[in-house]
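Remarks on the structure that follows.
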Amino acid sequence: MKRPVPLAAVGFLLGLGIALVLGWVVWPVEYYDTEVLFLHPTYKFEYAVMVGAAYELDGDWERAAGRLLALEEPEMGVWVRDQIHLAIAANEDPVKIQHLIGLARPLGVTSEIIEAFVEAESG
Amino acid sequence: MKEQTFWPLPIIAGLVLGVALGLILAWLIAPVQYHDTAPDRLRADLKEEYILLICETYAADGDWAETQERLVELGDRDIGATIMEMAERAIEQGRPVSTIRHLAAVANRYGVTSPAVARFMPTVPPTPSPSPAAERATPTPAPPLLPTATRTPTPTASPTRAAAGRATYTPQPTATPVLLYRLTAQERICDADRPDPLLQVVVLHDDEEVGGVEVVVTWRSESARLFTGFKPELGLGYADMIMESNTPYAVQLAAGSDEVSGVQTAPCTSEAGPRLVSVRLVFEKVGTD
(Lines give C-alpha, C1' and ligand atoms only; values in the text may rest on other atoms or scores of the structure.)
Protein backbone atom coordinates (compact mmCIF):
# COMPACT_ATOMS: atom_id res chain seq x y z
CA MET A 1 0.00 0.00 0.00
CA LYS A 2 1.84 3.04 -1.23
CA ARG A 3 -0.48 6.06 -0.91
CA PRO A 4 -3.11 5.49 1.79
CA VAL A 5 -3.71 9.22 2.47
CA PRO A 6 -4.75 10.23 -1.07
CA LEU A 7 -6.95 7.15 -1.26
CA ALA A 8 -8.60 8.04 2.05
CA ALA A 9 -9.10 11.60 0.79
CA VAL A 10 -10.77 10.31 -2.37
CA GLY A 11 -13.02 8.09 -0.25
CA PHE A 12 -13.82 10.98 2.05
CA LEU A 13 -14.81 13.30 -0.79
CA LEU A 14 -16.84 10.58 -2.44
CA GLY A 15 -18.61 9.82 0.83
CA LEU A 16 -19.24 13.50 1.48
CA GLY A 17 -20.73 13.92 -1.98
CA ILE A 18 -22.97 10.87 -1.59
CA ALA A 19 -24.12 12.01 1.83
CA LEU A 20 -24.94 15.52 0.66
CA VAL A 21 -26.99 14.19 -2.24
CA LEU A 22 -28.80 11.85 0.15
CA GLY A 23 -29.29 14.49 2.83
CA TRP A 24 -30.27 17.41 0.64
CA VAL A 25 -31.98 15.77 -2.32
CA VAL A 26 -33.10 12.18 -1.65
CA TRP A 27 -34.05 12.37 2.03
CA PRO A 28 -33.99 16.05 2.93
CA VAL A 29 -35.07 17.18 6.37
CA GLU A 30 -38.80 17.82 6.17
CA TYR A 31 -40.38 20.38 8.41
CA TYR A 32 -43.95 19.59 9.31
CA ASP A 33 -44.17 22.03 12.18
CA THR A 34 -43.54 25.28 10.41
CA GLU A 35 -44.56 28.79 11.34
CA VAL A 36 -46.91 31.11 9.49
CA LEU A 37 -43.97 33.23 8.35
CA PHE A 38 -42.65 30.31 6.28
CA LEU A 39 -45.85 30.01 4.25
CA HIS A 40 -45.73 30.52 0.50
CA PRO A 41 -46.58 34.15 -0.42
CA THR A 42 -49.92 32.96 -1.85
CA TYR A 43 -50.90 31.50 1.53
CA LYS A 44 -49.57 34.53 3.39
CA PHE A 45 -51.91 36.62 1.27
CA GLU A 46 -54.79 34.25 2.05
CA TYR A 47 -53.87 34.34 5.74
CA ALA A 48 -53.98 38.15 5.79
CA VAL A 49 -57.31 38.13 3.94
CA MET A 50 -58.76 35.79 6.56
CA VAL A 51 -57.38 37.90 9.41
CA GLY A 52 -59.15 40.86 7.79
CA ALA A 53 -62.40 38.90 7.46
CA ALA A 54 -62.24 37.80 11.10
CA TYR A 55 -61.52 41.39 12.15
CA GLU A 56 -64.52 42.54 10.17
CA LEU A 57 -66.57 39.94 12.02
CA ASP A 58 -65.51 40.59 15.61
CA GLY A 59 -63.92 44.06 15.46
CA ASP A 60 -61.18 42.83 17.81
CA TRP A 61 -58.11 44.69 16.59
CA GLU A 62 -55.85 43.29 19.30
CA ARG A 63 -56.62 39.79 18.11
CA ALA A 64 -56.18 40.73 14.45
CA ALA A 65 -52.87 42.48 15.16
CA GLY A 66 -51.66 39.45 17.11
CA ARG A 67 -52.45 37.23 14.17
CA LEU A 68 -50.69 39.56 11.75
CA LEU A 69 -47.60 39.50 13.95
CA ALA A 70 -47.25 35.80 13.12
CA LEU A 71 -46.27 36.86 9.59
CA GLU A 72 -43.22 38.64 11.08
CA GLU A 73 -43.19 41.28 8.38
CA PRO A 74 -40.89 44.10 9.50
CA GLU A 75 -43.23 46.78 8.13
CA MET A 76 -46.69 45.30 8.40
CA GLY A 77 -48.52 48.37 7.11
CA VAL A 78 -46.37 48.57 4.00
CA TRP A 79 -46.71 44.83 3.45
CA VAL A 80 -50.52 44.97 3.68
CA ARG A 81 -50.61 47.97 1.35
CA ASP A 82 -48.40 46.14 -1.17
CA GLN A 83 -50.64 43.06 -0.94
CA ILE A 84 -53.66 45.25 -1.71
CA HIS A 85 -51.91 46.76 -4.72
CA LEU A 86 -50.90 43.31 -5.99
CA ALA A 87 -54.42 41.99 -5.46
CA ILE A 88 -55.98 44.91 -7.33
CA ALA A 89 -53.48 44.47 -10.17
CA ALA A 90 -54.23 40.74 -10.33
CA ASN A 91 -57.96 41.42 -10.42
CA GLU A 92 -58.49 39.42 -7.23
CA ASP A 93 -61.90 38.95 -5.68
CA PRO A 94 -63.01 42.44 -4.46
CA VAL A 95 -64.29 40.87 -1.22
CA LYS A 96 -60.76 39.70 -0.41
CA ILE A 97 -59.36 43.12 -1.24
CA GLN A 98 -61.94 44.73 1.05
CA HIS A 99 -60.86 42.43 3.88
CA LEU A 100 -57.27 43.62 3.40
CA ILE A 101 -58.34 47.25 3.22
CA GLY A 102 -60.12 46.67 6.52
CA LEU A 103 -56.69 45.85 7.97
CA ALA A 104 -54.89 48.71 6.22
CA ARG A 105 -57.03 51.35 7.95
CA PRO A 106 -56.07 50.55 11.55
CA LEU A 107 -52.49 50.07 10.37
CA GLY A 108 -52.64 53.65 9.10
CA VAL A 109 -51.76 52.92 5.50
CA THR A 110 -53.49 53.92 2.32
CA SER A 111 -52.63 55.01 -1.18
CA GLU A 112 -54.25 56.69 -4.14
CA ILE A 113 -54.82 53.27 -5.70
CA ILE A 114 -56.59 52.02 -2.58
CA GLU A 115 -58.73 55.13 -2.35
CA ALA A 116 -59.63 54.88 -6.02
CA PHE A 117 -60.52 51.21 -5.59
CA VAL A 118 -62.74 51.94 -2.58
CA GLU A 119 -64.44 54.76 -4.47
CA ALA A 120 -65.03 52.58 -7.52
CA GLU A 121 -66.40 49.74 -5.39
CA SER A 122 -68.72 51.95 -3.38
CA GLY A 123 -69.91 53.74 -6.48
CA MET B 1 8.70 -9.40 5.49
CA LYS B 2 7.12 -6.26 4.13
CA GLU B 3 3.83 -5.35 5.79
CA GLN B 4 0.95 -5.16 3.28
CA THR B 5 -2.22 -3.14 3.93
CA PHE B 6 -5.37 -4.18 2.16
CA TRP B 7 -5.56 -1.33 -0.43
CA PRO B 8 -9.28 -0.45 -0.30
CA LEU B 9 -9.12 0.04 3.45
CA PRO B 10 -8.14 3.76 3.37
CA ILE B 11 -10.75 4.50 0.71
CA ILE B 12 -13.45 2.71 2.72
CA ALA B 13 -12.41 4.52 5.89
CA GLY B 14 -12.51 7.85 4.03
CA LEU B 15 -15.88 6.99 2.52
CA VAL B 16 -17.43 6.15 5.89
CA LEU B 17 -16.05 9.34 7.42
CA GLY B 18 -17.27 11.37 4.44
CA VAL B 19 -20.77 9.92 4.56
CA ALA B 20 -21.00 10.48 8.31
CA LEU B 21 -19.80 14.08 8.09
CA GLY B 22 -21.95 14.74 5.01
CA LEU B 23 -25.12 13.53 6.70
CA ILE B 24 -24.39 15.56 9.81
CA LEU B 25 -23.92 18.59 7.56
CA ALA B 26 -27.03 17.91 5.45
CA TRP B 27 -29.42 16.97 8.23
CA LEU B 28 -28.21 18.89 11.27
CA ILE B 29 -25.94 21.78 10.41
CA ALA B 30 -27.31 23.01 7.08
CA PRO B 31 -30.60 21.21 6.40
CA VAL B 32 -32.75 22.11 3.42
CA GLN B 33 -34.85 25.11 4.40
CA TYR B 34 -38.39 25.34 3.18
CA HIS B 35 -39.53 28.92 3.11
CA ASP B 36 -42.53 28.58 0.83
CA THR B 37 -44.58 25.97 2.61
CA ALA B 38 -48.27 25.17 2.42
CA PRO B 39 -50.66 25.36 5.39
CA ASP B 40 -50.60 21.57 5.81
CA ARG B 41 -47.05 21.91 7.11
CA LEU B 42 -48.00 24.33 9.88
CA ARG B 43 -47.38 23.45 13.51
CA ALA B 44 -50.47 21.83 15.07
CA ASP B 45 -51.53 24.89 17.09
CA LEU B 46 -50.98 27.23 14.14
CA LYS B 47 -52.92 24.88 11.89
CA GLU B 48 -55.84 25.07 14.30
CA GLU B 49 -55.58 28.85 14.29
CA TYR B 50 -55.59 28.72 10.48
CA ILE B 51 -58.71 26.52 10.52
CA LEU B 52 -60.42 28.91 12.92
CA LEU B 53 -59.56 31.80 10.60
CA ILE B 54 -61.10 29.91 7.68
CA CYS B 55 -64.28 29.32 9.71
CA GLU B 56 -64.46 32.96 10.79
CA THR B 57 -63.96 34.07 7.21
CA TYR B 58 -66.82 31.80 6.17
CA ALA B 59 -68.98 33.42 8.85
CA ALA B 60 -67.97 36.85 7.50
CA ASP B 61 -68.48 36.33 3.78
CA GLY B 62 -70.42 33.06 3.46
CA ASP B 63 -68.29 31.88 0.55
CA TRP B 64 -68.48 28.10 0.84
CA ALA B 65 -66.48 27.36 -2.31
CA GLU B 66 -63.56 29.46 -1.08
CA THR B 67 -63.87 27.88 2.37
CA GLN B 68 -63.66 24.39 0.88
CA GLU B 69 -60.70 25.37 -1.25
CA ARG B 70 -58.84 26.68 1.78
CA LEU B 71 -59.63 23.65 3.90
CA VAL B 72 -58.49 21.24 1.19
CA GLU B 73 -55.04 22.86 1.37
CA LEU B 74 -54.72 21.45 4.89
CA GLY B 75 -54.68 17.92 3.52
CA ASP B 76 -57.00 16.57 6.20
CA ARG B 77 -59.22 13.86 4.78
CA ASP B 78 -61.69 14.17 7.62
CA ILE B 79 -61.68 17.91 8.05
CA GLY B 80 -65.31 18.05 9.23
CA ALA B 81 -64.54 15.81 12.20
CA THR B 82 -61.33 17.74 12.92
CA ILE B 83 -63.26 21.01 13.06
CA MET B 84 -65.94 19.49 15.26
CA GLU B 85 -63.22 18.24 17.64
CA MET B 86 -61.88 21.78 17.75
CA ALA B 87 -65.38 23.05 18.61
CA GLU B 88 -65.66 20.51 21.44
CA ARG B 89 -62.23 21.47 22.73
CA ALA B 90 -63.25 25.13 22.56
CA ILE B 91 -66.13 24.32 24.93
CA GLU B 92 -63.74 22.54 27.31
CA GLN B 93 -61.39 25.52 27.24
CA GLY B 94 -64.20 28.02 27.83
CA ARG B 95 -63.52 29.91 24.61
CA PRO B 96 -66.05 32.47 23.26
CA VAL B 97 -69.35 31.03 22.05
CA SER B 98 -68.83 32.81 18.72
CA THR B 99 -65.70 30.69 18.17
CA ILE B 100 -67.67 27.50 18.84
CA ARG B 101 -70.41 28.61 16.47
CA HIS B 102 -68.06 29.53 13.65
CA LEU B 103 -66.36 26.14 13.89
CA ALA B 104 -69.58 24.19 14.21
CA ALA B 105 -71.17 25.96 11.23
CA VAL B 106 -68.41 24.69 8.94
CA ALA B 107 -68.34 21.20 10.50
CA ASN B 108 -72.10 21.04 9.97
CA ARG B 109 -71.67 21.79 6.31
CA TYR B 110 -69.54 18.66 6.13
CA GLY B 111 -72.40 16.77 7.73
CA VAL B 112 -70.64 16.46 11.09
CA THR B 113 -72.37 17.45 14.30
CA SER B 114 -72.13 16.85 18.02
CA PRO B 115 -74.83 17.05 20.70
CA ALA B 116 -72.50 19.06 22.95
CA VAL B 117 -71.82 21.64 20.28
CA ALA B 118 -75.44 21.73 19.02
CA ARG B 119 -76.41 23.19 22.42
CA PHE B 120 -74.48 26.36 21.58
CA MET B 121 -76.02 26.88 18.18
CA PRO B 122 -78.57 29.69 17.84
CA THR B 123 -82.07 28.62 16.91
CA VAL B 124 -82.59 31.66 14.71
CA PRO B 125 -80.35 32.71 11.86
CA PRO B 126 -77.75 35.32 12.79
CA THR B 127 -78.39 38.88 11.69
CA PRO B 128 -76.46 39.58 8.53
CA SER B 129 -73.40 41.75 9.02
CA PRO B 130 -73.82 45.26 7.63
CA SER B 131 -70.23 45.24 6.38
CA PRO B 132 -69.71 46.11 2.74
CA ALA B 133 -67.94 42.81 2.11
CA ALA B 134 -70.84 40.82 3.42
CA GLU B 135 -73.24 42.90 1.40
CA ARG B 136 -71.31 42.13 -1.72
CA ALA B 137 -71.05 38.44 -0.99
CA THR B 138 -74.29 37.02 -2.22
CA PRO B 139 -73.43 33.37 -2.64
CA THR B 140 -76.21 31.20 -3.83
CA PRO B 141 -76.08 27.45 -3.80
CA ALA B 142 -75.04 26.26 -7.23
CA PRO B 143 -77.74 24.31 -9.04
CA PRO B 144 -77.08 20.60 -9.22
CA LEU B 145 -74.83 19.89 -12.14
CA LEU B 146 -76.57 16.67 -12.93
CA PRO B 147 -80.23 16.87 -12.18
CA THR B 148 -80.86 13.43 -13.65
CA ALA B 149 -78.23 11.65 -11.56
CA THR B 150 -79.64 9.11 -9.16
CA ARG B 151 -76.98 9.87 -6.56
CA THR B 152 -77.28 13.13 -4.69
CA PRO B 153 -73.85 14.64 -4.47
CA THR B 154 -74.77 17.55 -2.23
CA PRO B 155 -75.69 16.79 1.36
CA THR B 156 -79.42 17.20 1.76
CA ALA B 157 -78.82 18.21 5.34
CA SER B 158 -76.73 21.24 4.40
CA PRO B 159 -77.76 24.53 5.97
CA THR B 160 -80.03 26.76 3.99
CA ARG B 161 -78.85 30.25 3.27
CA ALA B 162 -80.63 33.29 4.53
CA ALA B 163 -81.67 36.02 2.13
CA ALA B 164 -78.47 37.96 2.78
CA GLY B 165 -76.34 34.98 1.84
CA ARG B 166 -75.38 33.96 5.37
CA ALA B 167 -75.47 30.36 6.47
CA THR B 168 -78.15 29.63 9.03
CA TYR B 169 -76.78 27.73 11.97
CA THR B 170 -79.27 24.92 12.07
CA PRO B 171 -78.00 21.87 13.94
CA GLN B 172 -77.54 19.07 11.49
CA PRO B 173 -78.50 15.43 11.71
CA THR B 174 -75.57 13.11 12.20
CA ALA B 175 -76.01 11.38 8.87
CA THR B 176 -72.97 11.86 6.66
CA PRO B 177 -73.75 12.34 2.98
CA VAL B 178 -72.91 9.37 0.79
CA LEU B 179 -70.51 10.32 -1.96
CA LEU B 180 -68.73 8.05 -4.36
CA TYR B 181 -65.70 10.34 -4.75
CA ARG B 182 -64.24 12.96 -2.49
CA LEU B 183 -61.91 15.82 -3.31
CA THR B 184 -58.65 15.04 -1.52
CA ALA B 185 -56.29 17.60 -2.96
CA GLN B 186 -56.36 20.88 -4.77
CA GLU B 187 -53.05 22.20 -6.02
CA ARG B 188 -52.14 25.38 -7.81
CA ILE B 189 -49.28 24.92 -10.26
CA CYS B 190 -47.26 27.72 -11.82
CA ASP B 191 -45.87 25.86 -14.83
CA ALA B 192 -43.06 27.62 -16.68
CA ASP B 193 -43.50 25.38 -19.73
CA ARG B 194 -47.18 26.02 -20.22
CA PRO B 195 -48.58 29.32 -21.49
CA ASP B 196 -52.23 28.26 -21.05
CA PRO B 197 -53.59 27.48 -17.59
CA LEU B 198 -55.06 24.00 -17.27
CA LEU B 199 -57.86 22.67 -15.15
CA GLN B 200 -56.52 19.19 -14.36
CA VAL B 201 -58.54 16.41 -12.77
CA VAL B 202 -57.07 13.18 -11.43
CA VAL B 203 -59.32 10.36 -10.22
CA LEU B 204 -57.91 7.71 -7.91
CA HIS B 205 -59.12 4.53 -6.25
CA ASP B 206 -56.79 3.00 -3.67
CA ASP B 207 -53.99 5.17 -5.07
CA GLU B 208 -54.54 3.73 -8.56
CA GLU B 209 -55.68 6.05 -11.35
CA VAL B 210 -59.17 5.33 -12.67
CA GLY B 211 -59.95 5.76 -16.36
CA GLY B 212 -63.25 6.51 -18.06
CA VAL B 213 -64.65 8.65 -15.26
CA GLU B 214 -66.89 11.44 -16.46
CA VAL B 215 -66.08 14.90 -15.19
CA VAL B 216 -68.59 17.72 -15.55
CA VAL B 217 -67.18 21.24 -15.69
CA THR B 218 -69.44 24.29 -15.75
CA TRP B 219 -68.60 27.96 -16.05
CA ARG B 220 -70.74 30.97 -16.79
CA SER B 221 -73.53 29.51 -18.89
CA GLU B 222 -71.38 26.83 -20.48
CA SER B 223 -70.46 23.30 -19.56
CA ALA B 224 -68.10 20.57 -20.72
CA ARG B 225 -67.83 16.86 -20.09
CA LEU B 226 -64.39 15.34 -19.84
CA PHE B 227 -63.38 11.72 -19.43
CA THR B 228 -60.29 10.53 -17.62
CA GLY B 229 -57.83 8.41 -19.58
CA PHE B 230 -58.00 10.25 -22.90
CA LYS B 231 -54.38 11.32 -22.44
CA PRO B 232 -52.86 8.03 -21.31
CA GLU B 233 -49.37 9.46 -21.45
CA LEU B 234 -50.39 11.70 -18.54
CA GLY B 235 -52.11 8.95 -16.60
CA LEU B 236 -55.15 6.74 -16.82
CA GLY B 237 -57.10 8.82 -14.34
CA TYR B 238 -56.16 12.18 -15.83
CA ALA B 239 -58.27 14.71 -17.71
CA ASP B 240 -57.74 18.39 -18.41
CA MET B 241 -59.04 21.47 -20.18
CA ILE B 242 -57.75 25.00 -20.71
CA MET B 243 -59.13 27.62 -18.33
CA GLU B 244 -60.05 31.17 -19.23
CA SER B 245 -58.93 34.08 -17.08
CA ASN B 246 -61.35 35.66 -14.60
CA THR B 247 -63.72 32.73 -14.96
CA PRO B 248 -64.75 30.60 -11.99
CA TYR B 249 -65.32 26.95 -12.84
CA ALA B 250 -67.34 24.32 -11.01
CA VAL B 251 -66.16 20.72 -11.20
CA GLN B 252 -67.97 17.56 -10.22
CA LEU B 253 -67.68 13.90 -11.13
CA ALA B 254 -70.82 12.61 -12.81
CA ALA B 255 -70.85 9.50 -10.64
CA GLY B 256 -71.23 11.65 -7.53
CA SER B 257 -68.59 13.72 -5.77
CA ASP B 258 -68.01 16.92 -3.89
CA GLU B 259 -68.79 19.88 -6.09
CA VAL B 260 -65.71 22.05 -6.29
CA SER B 261 -66.77 25.53 -7.28
CA GLY B 262 -64.90 28.79 -7.65
CA VAL B 263 -61.93 27.12 -9.34
CA GLN B 264 -60.07 29.76 -11.28
CA THR B 265 -56.70 30.71 -12.59
CA ALA B 266 -54.65 33.65 -11.36
CA PRO B 267 -51.42 35.31 -12.39
CA CYS B 268 -48.23 33.78 -11.06
CA THR B 269 -44.54 34.16 -11.65
CA SER B 270 -42.60 31.15 -12.89
CA GLU B 271 -38.89 30.81 -13.61
CA ALA B 272 -39.69 31.69 -17.22
CA GLY B 273 -41.72 34.79 -16.36
CA PRO B 274 -45.38 35.62 -15.74
CA ARG B 275 -47.81 32.75 -16.25
CA LEU B 276 -51.33 31.79 -15.28
CA VAL B 277 -51.79 29.19 -12.57
CA SER B 278 -53.06 25.72 -13.47
CA VAL B 279 -55.31 24.02 -10.93
CA ARG B 280 -55.11 20.29 -10.23
CA LEU B 281 -58.00 18.58 -8.44
CA VAL B 282 -57.57 15.06 -7.10
CA PHE B 283 -60.64 12.97 -6.34
CA GLU B 284 -60.49 9.67 -4.51
CA LYS B 285 -63.10 6.99 -4.49
CA VAL B 286 -64.62 6.60 -1.06
CA GLY B 287 -67.91 4.85 -1.74
CA THR B 288 -69.05 1.79 -3.62
CA ASP B 289 -71.00 1.77 -6.86
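All values derive from a computational prediction rather than experimental measurement. Every chain is numbered from 1, with letters handed out A, B, ... down the list of sequences. When reading the values below, keep in mind they use all heavy atoms of this one structure, side chains included, and skip hydrogens, waters and symmetry mates.
- Interface residue A/Val51: backbone and side-chain heavy atoms are both found under 4.5 Å from chain B.
- No other option in A/Gly17, A/Ala8, A/Pro6 has as many heavy-atom pairs under 4.5 Å with chain B as A/Ala8.
- Residue B/Thr67: no heavy atom, backbone or side chain, is found under 4.5 Å from chain A.
- Between B/Val282 and B/Leu183, the closest side-chain pair of non-hydrogen atoms is not below 4.5 Å.
- Within 6.0 Å of CZ in B/Arg77 there are 12 or fewer heavy atoms belonging to other residues, nucleotides or ligands.
- In the model, B/Gln200 has no side-chain atom that pairs as donor or acceptor with a side-chain atom of B/Ser278 under 3.5 Å.
- Looking at heavy atoms from C-beta onward, B/Asp196 lies out of side-chain contact with B/Leu276 at the 4.5 angstrom threshold.
- In this structure, no portion of B/Ala266 lies under 4.5 Å from any heavy atom of chain A.
- Judged purely by atom type and a 3.5 angstrom limit, B/Arg275 has no side-chain atom pairing as donor or acceptor with the backbone of B/Cys190.
- Looking at B/Leu46, only its side chain comes within 4.5 Å of chain A, counting heavy atoms on both sides.
- Residue B/Ile24: no heavy atom, backbone or side chain, is found under 4.5 Å from chain A.
- Counting heavy-atom pairs closer than 4.5 Å to chain B, the top residue among A/Ala90, A/Ala54, A/Ala19, A/Gly52 is A/Ala19.
- Using modelled atom types, one side-chain atom of B/Tyr249 and one backbone atom of B/Glu244 make a donor-acceptor pair closer than 3.5 Å.
- Proximity to chain A (any heavy atom under 4.5 Å) is shown, for B/Pro39, by both the backbone and the side chain.
- Looking at A/Lys44, its side chain does come within 3.5 Å of a backbone N or O of A/Leu37 through a donor-acceptor pair.
- Proximity to chain A is absent for every atom of B/Gln264, based on heavy atoms less than 4.5 angstrom apart.
- Interface remark: of the candidates A/Val10, A/Val36, A/Ile97, A/Ile18, A/Val36 forms the most heavy-atom pairs closer than 4.5 Å to chain B.
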